[in-house]
Every structure is written in structure tokens, then in C-alpha cells.
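Below is one structure, written out as C-alpha cells; comments come after it.
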Amino acid sequence: MVGGGDQLYNDDVWNLPSMVQWLSIPEKASRLNYPFTQEMADQVEWFYFTMYAKHWSQPLFADALASIPHAMTWDDHDIFDGWGSYPTELQFCSVFQVRVVWAVWAVLAAPVVWAGWAAWVEWA
């Protein structure tokens, strides 16, 4: 099985309260230099983890992932819409860079950890 990118559309990450707050910073320089806070980390980690765990644990897809060799590549929506096409200074600011780390973590951890967390997660 080959996944050519956009396995998930994670564009709603921009609707997290900490991301909305960051987007509302009016001055470009202040936004670019804004640190990736613990509040952001907590919200972004939970967002990516639950997105991948929720979608990849659907019974038929989970069975396919468990029984069919597969290779997947990322495209922009696996992180968020337009990833890789923003201006360089924005692409390399801490808020953009650290979110990629959480997205990678979610992809790697969700299938392994999900079974133990399933009973604790309530979907909105």
C-alpha cells in the first residue's frame, strides 16, 4: 500500500486556542520571534496524536496497516495546509518548526500507544 501524502488533513491545528492567539499577534516580527510555549506544545501534541490515533485506528484501516506492507510520504496537509510553501522566515520560526516535531511524534507513537489510551479518549 502506498500513501502519496495527505493521509490526513490536519489544517484544524490552526483552530487550537494557542494557535489562534499566536495568529492574532499583529506585528510580524513579534509573531516570528514568539516562543513555542508549553501551552502550545500541550495542545499541538494532543491534536496530532488524537488525529492520527483516531483515524488510523478505524477497524478496516487498522487491519490494512497491520497486514499490508506500506510506505507513506507526507504532503503539506499531514502537517498543515501549505507546509513548505510559506516564506523562509515563517517556515523556520519556532512555532512552525516545533509543530513538525509533534506531528512526527504522533505518526510514530499513535499506532503503538493508542491501544492503551483508547479507553481514556473521548471524541468531541
Side-chain angles (χ1 to χ4, degrees):
M1 176 170 46
V2 176
D6 293 343
Q7 276 73 235
L8 290 182
Y9 276 66
N10 289 316
D11 304 342
D12 284 341
V13 71
W14 291 114
N15 296 326
L16 296 172
S18 61
M19 293 294 102
V20 170
Q21 181 182 7
W22 180 76
L23 288 168
S24 71
I25 298 172
E27 299 168 353
K28 181 180 178 181
S30 295
R31 206 168 42 249
L32 292 174
N33 293 311
Y34 196 85
F36 192 79
T37 66
Q38 186 61 52
E39 178 184 14
M40 290 174 161
D42 292 344
Q43 291 175 12
V44 168
E45 174 186 4
W46 186 248
F47 174 82
Y48 283 114
F49 177 81
T50 56
M51 285 293 288
Y52 281 96
K54 179 180 178 180
H55 292 280
W56 290 15
S57 67
Q58 296 299 309
L60 292 176
F61 192 55
D63 289 346
L65 289 174
S67 59
I68 302 169
H70 54 276
M72 296 182 189
T73 186
W74 278 13
D75 198 4
D76 61 335
H77 292 284
D78 296 293
I79 303 169
F80 56 83
D81 188 26
W83 171 257
S85 62
Y86 288 91
T88 302
E89 67 273 8
L90 188 56
Q91 198 70 38
F92 287 97
C93 77
S94 66
V95 172
F96 271 47
Q97 289 296 300
V98 177
R99 284 180 33 202
V100 173
V101 171
W102 286 120
V104 170
W105 175 86
V107 169
L108 298 175
V112 175
V113 177
W114 176 248
W117 287 38
W120 301 348
V121 176
E122 294 180 13
W123 302 110

Pairing residues for [X] by the side chain to side chain donor-acceptor pair (under 3.5 Å) criterion, not counting sequence neighbours:
X: Asn15; value: Asp12
X: Gln91; value: none
X: Gln7; value: none

Query raised in the report: When rounded to the nearest 0.5 angstrom, what is the spacing between NE2 in His55 and CG in Leu8?
Result: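 Between His55 NE2 and Leu8 CG, I get 5.5 Å after rounding to 0.5 Å.
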
**Report entry** Value rounded to 0.5 Å, distance of CD in Glu89 from NZ in Lys28
**Finding:**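 Between Glu89 CD and Lys28 NZ, I get 4.0 Å after rounding to 0.5 Å.
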
Query raised in the report: For Val13 and Tyr48, which heavy atoms make the closest approach, and how far apart are they?
Result: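 Where Val13 meets Tyr48 most closely, the heavy atoms are CG1-OH, 3.9 Å.
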
Requested in this report: Return yes if some donor-acceptor pair links the side-chain N/O of Gln43 with the main-chain N/O of Ser18 below 3.5 Å, else return no.
Outcome: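 Yes, because the side chain of Gln43 sits within donor-acceptor range (under 3.5 Å) of the backbone of Ser18.
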
Query raised in the report: For the hydrophobic clusters of this structure (ILVMFWY residues joined by side-chain heavy atoms under 4.5 Å, transitively), does one cluster hold both Val2 and Leu65?
Result: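 Each belongs to a different hydrophobic cluster.
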
Query raised in the report: Taking a hydrophobic cluster as the set of Ile, Leu, Val, Met, Phe, Trp and Tyr residues connected by side-chain heavy atoms closer than 4.5 Å, whether directly or through intermediates, do Trp14 and Phe47 fall within one such cluster?
Result: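 They do share one cluster, since a chain of ILVMFWY contacts under 4.5 Å joins Trp14 to Phe47.
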
Report task. Please name all residues satisfying ring-ring contact (aromatic ring centres under 6.0 Å, His included) with Tyr9, sequence neighbours left out, ordered by chain then number. Result ->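 Applying ring-ring contact (aromatic ring centres under 6.0 Å, His included) to Tyr9 gives His77.
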
Requested in this report: Check step by step if side chain to side chain contact (heavy atoms under 4.5 Å, CB included) holds for Trp22 and Cys93.
Outcome: CA-CA 12 Å; Trp22 180 76; Cys93 77; 4.0 Å; yes

Pair up each side-chain donor or acceptor in residues 30-37 with any protein partner under 3.5 Å, not counting sequence neighbours, and list the distances.
residue : atom : partner : partner atom : Å
Ser30   : OG   : Glu27   : OE1          : 3.0
Arg31   : NH1  : Ile25   : O            : 2.4
Asn33   : ND2  : Ala29   : O            : 2.9
Thr37   : OG1  : Met40   : N            : 3.1

Report task. Start with the C-alpha gap between Val95 and Met19, add the side-chain angles, then the distance that decides, and say whether side chain to side chain contact (heavy atoms under 4.5 Å, CB included) holds. Result -> CA-CA 9 Å; Val95 172; Met19 293 294 102; 4.0 Å; yes

Requested in this report: Flag yes if more than 12 heavy atoms outside Leu60 fall under 6.0 Å of its CG atom; otherwise flag no.
Outcome: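 No.
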
Report task. Return each pair, listed once, that meets salt bridge (charged side-chain N to carboxylate O under 4.0 Å, His left out) where at least one residue sits in residues 58-70; pairs must be two or more places apart or across chains. Result ->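 Listed by first then second residue: nothing to list.
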
